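Below: one structure, written as structure tokens.
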Amino acid sequence: MKYGFIGLGNMTTAIIKGMCNSGDFDSSYIYGYNRTKSKTTKLATSYGIQATTSIEELMTKCDVIILGVKPQMLPDVLPEVKKHLQEKHMIVSIAAGKNLNYFHGYLSESTPIIRVMPNINALIGASTSCYTANEQVTETQLRLITMLFETIGTIIEVPEHLFSIFTTIGGASPAFTYMYIDALARAAVREGMPKNMALDIAANAVLGSAKMILQSKEHPWALVDQVCSPGGTTIQGVSSLQSNHFETTIHDAVAAVTDKDRSLSK
């Protein structure tokens with residue numbers, strides 16, 4: 001099986017890196033194409049993938065076609081993809097906001113199409129990704145794509161009607177978490193701690209808290225209660241967050257991203 005990447009931005013670079021470093025994929029079976037030739041050359045030099053000079057060349061040589069271009073570029077790219085579409089091809093999209101019906105409108109209805117949404121943490125092999133697929137995708141193809149995206153983190157199946165919500169809590173939420181970690185660190189700086197020390201402590205505390213939820217299987221509020229001693233210090237901070245609409249602010253941010261994602265598919 002040969003894999004072709006159309007568009008070689010940060011996310012596709014992270015995926016290629018994960019594939020090559022995993023030991024499960026042969027870099028000589030990975031092909032790349034980008035409008036900017038230097039990006040293709042750089043990746044070919046760094047990871048030993050095959051450079052191509054056109055979408056036609058890439059699709060002629062590859063079986064799995066991963067669309068790594070920005071959503072606004074798809075109307076230009078998809079007609080070219082359709083022109084060179086063969087029965088052997090499976091199409092994988094990582095574009096935000098573009099549902100399966102969108103791709104059906106450009107490509108053959110018999111084409112296996114999988115939509116995947118990774119997040120920025122793919123850059124360190126810690127992405128939280130999800131996928132949905134059309135009826136033409138086989139179980140073997142699903143296992144293949146799952147294995148591919150497991151090289152950059154975890155991946156789960158999500159029904160397409162929930163994709164916009166995943167885009168928020170799985171795709172956009174790292175930005176919210178980065179902001180939260182930085183806010184903790186800046187607050188510590190205000191209290192007299194050096195910034196680098198505060199960032200290290202805050203990031204590790206968030207990492208440990210995430211592991212606690214996943215491994216303990218306890219409800220987050222049960223864990224909050226465990227930290228809050230009667231008349232203690234933590235309950236003061238929790239009460240302050242609640243008084244200042246912490247949870248409502250998060251809800252509003254999730255709604256804003258979800259609404260924007262849904263509007264992209266119209």
Side-chain angles (χ1 to χ4, degrees), residues 10-11 14-15 17-18 21-22 24 94 96 116-132 146-159 162-258 261:
N10 289 335
M11 186 57 70
I15 297 167
K17 176 183 175 182
N21 290 343
S22 70
D24 296 324
I94 60 171
V116 181
M117 181 55 58
N119 71 25
I120 191 174
N121 295 330
L123 296 173
I124 59 163
S127 175
T128 303
S129 307
C130 77
Y131 73 88
T132 192
T146 298
M147 185 172 74
L148 191 162
F149 281 90
E150 282 177 344
T151 67
I152 57 166
T154 61
I155 183 167
I156 63 168
E157 183 175 11
V158 171
L162 299 178
F163 236 70
S164 289
I165 303 172
F166 177 89
T167 297
T168 307
I169 65 169
S173 70
F176 307 160
T177 306
Y178 302 153
M179 291 174 68
Y180 171 63
I181 291 170
D182 186 68
L184 284 176
R186 289 181 185 278
V189 170
R190 188 177 64 183
E191 299 297 329
M193 180 178 283
K195 181 67 180 291
N196 287 344
M197 180 186 293
L199 268 178
D200 187 62
I201 293 169
N204 276 292
V206 169
L207 177 63
S209 301
K211 287 182 176 180
M212 187 68 169
I213 288 175
L214 292 173
Q215 294 177 23
S216 72
K217 305 298 183 184
E218 292 199 55
H219 191 282
W221 269 109
L223 296 173
V224 171
D225 289 341
Q226 289 179 39
V227 185
C228 294
S229 303
T233 55
T234 304
I235 189 62
Q236 301 301 318
V238 170
S239 297
S240 176
L241 286 172
Q242 289 180 305
S243 297
N244 287 286
H245 312 294
F246 177 76
E247 189 172 351
T248 302
T249 300
I250 298 299
H251 289 185
D252 289 346
V254 168
V257 176
T258 305
D261 187 81

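Keep in mind that what you see is a predicted model, and the values were worked out from it rather than measured. Both backbone and side-chain heavy atoms feed into the values below; hydrogens, waters and symmetry mates do not. Positions are given from 1, in the same order as the sequence printed here.
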About how many Å separate [atom2] of [Y] and [atom1] of [X], when rounded to the nearest 0.5 Å?
X	Y	atom1	atom2	value
S209	L214	OG	CG	11.0 Å
S22	E150	OG	CD	10.5 Å
E157	L162	CD	CG	11.0 Å
E247	D252	CD	CG	11.0 Å
L199	M193	CG	CE	11.0 Å
Y131	T146	OH	OG1	4.5 Å

How close do [X] and [Y] get, counting heavy atoms only, and between which atoms?
X	Y	value
K17	L123	NZ-O, 4.0 Å
A14	I152	O-CG2, 3.5 Å
N119	M11	O-CE, 3.2 Å
A188	A198	CB-CB, 3.7 Å
T151	L148	OG1-O, 2.6 Å
I181	A203	CG2-N, 3.9 Å

| said: Going by salt bridge (Lys or Arg N to Asp or Glu O under 4.0 Å), name the pairs with one or both residues in residues 194-207, residues two or more places apart or in two chains. | reply: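 Non-adjacent pairs meeting salt bridge (Lys or Arg N to Asp or Glu O under 4.0 Å): D182-K195.
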| task | Apply side chain to side chain contact (heavy atoms under 4.5 Å, CB included) to I120 and Y178, showing your working. | result | CA-CA 11 Å; I120 191 174; Y178 302 153; 3.1 Å; yes
Quick check: do [X] and [Y] have side-chain heavy atoms less than 4.5 Å from each other?
X	Y	value
F163	C130	yes
V158	T132	no
F166	D261	no
I94	F149	yes
S129	T154	no

| said: Before you tell me yes or no, could you show the steps for S216 and L223 under side chain to side chain contact (heavy atoms under 4.5 Å, CB included), namely the whole-Å CA-CA distance, both residues' side-chain angles and the distance that decides it to 0.1 Å? | reply: CA-CA 9 Å; S216 72; L223 296 173; 4.0 Å; yes
| task | List the steps and the verdict of side chain to side chain contact (heavy atoms under 4.5 Å, CB included) for L241 and V238. | result | CA-CA 5 Å; L241 286 172; V238 170; 5.6 Å; no
| query | Does a donor on one side chain and an acceptor on the other come within less than 3.5 Å for T258 and T168? | reply | yes
Take atom [atom1] of [X] as the centre, draw a 6.0 Å sphere, and report whether it contains more than 12 heavy atoms from other residues, nucleotides or ligands.
X	atom1	value
D24	CG	yes
M197	CE	no
Y180	OH	no

| said: For a side chain to side chain contact (heavy atoms under 4.5 Å, CB included) check, start with the C-alpha distance between E218 and I213, then their side-chain angles and the critical distance, and finish with the verdict. | reply: CA-CA 6 Å; E218 292 199 55; I213 288 175; over 6 Å; no
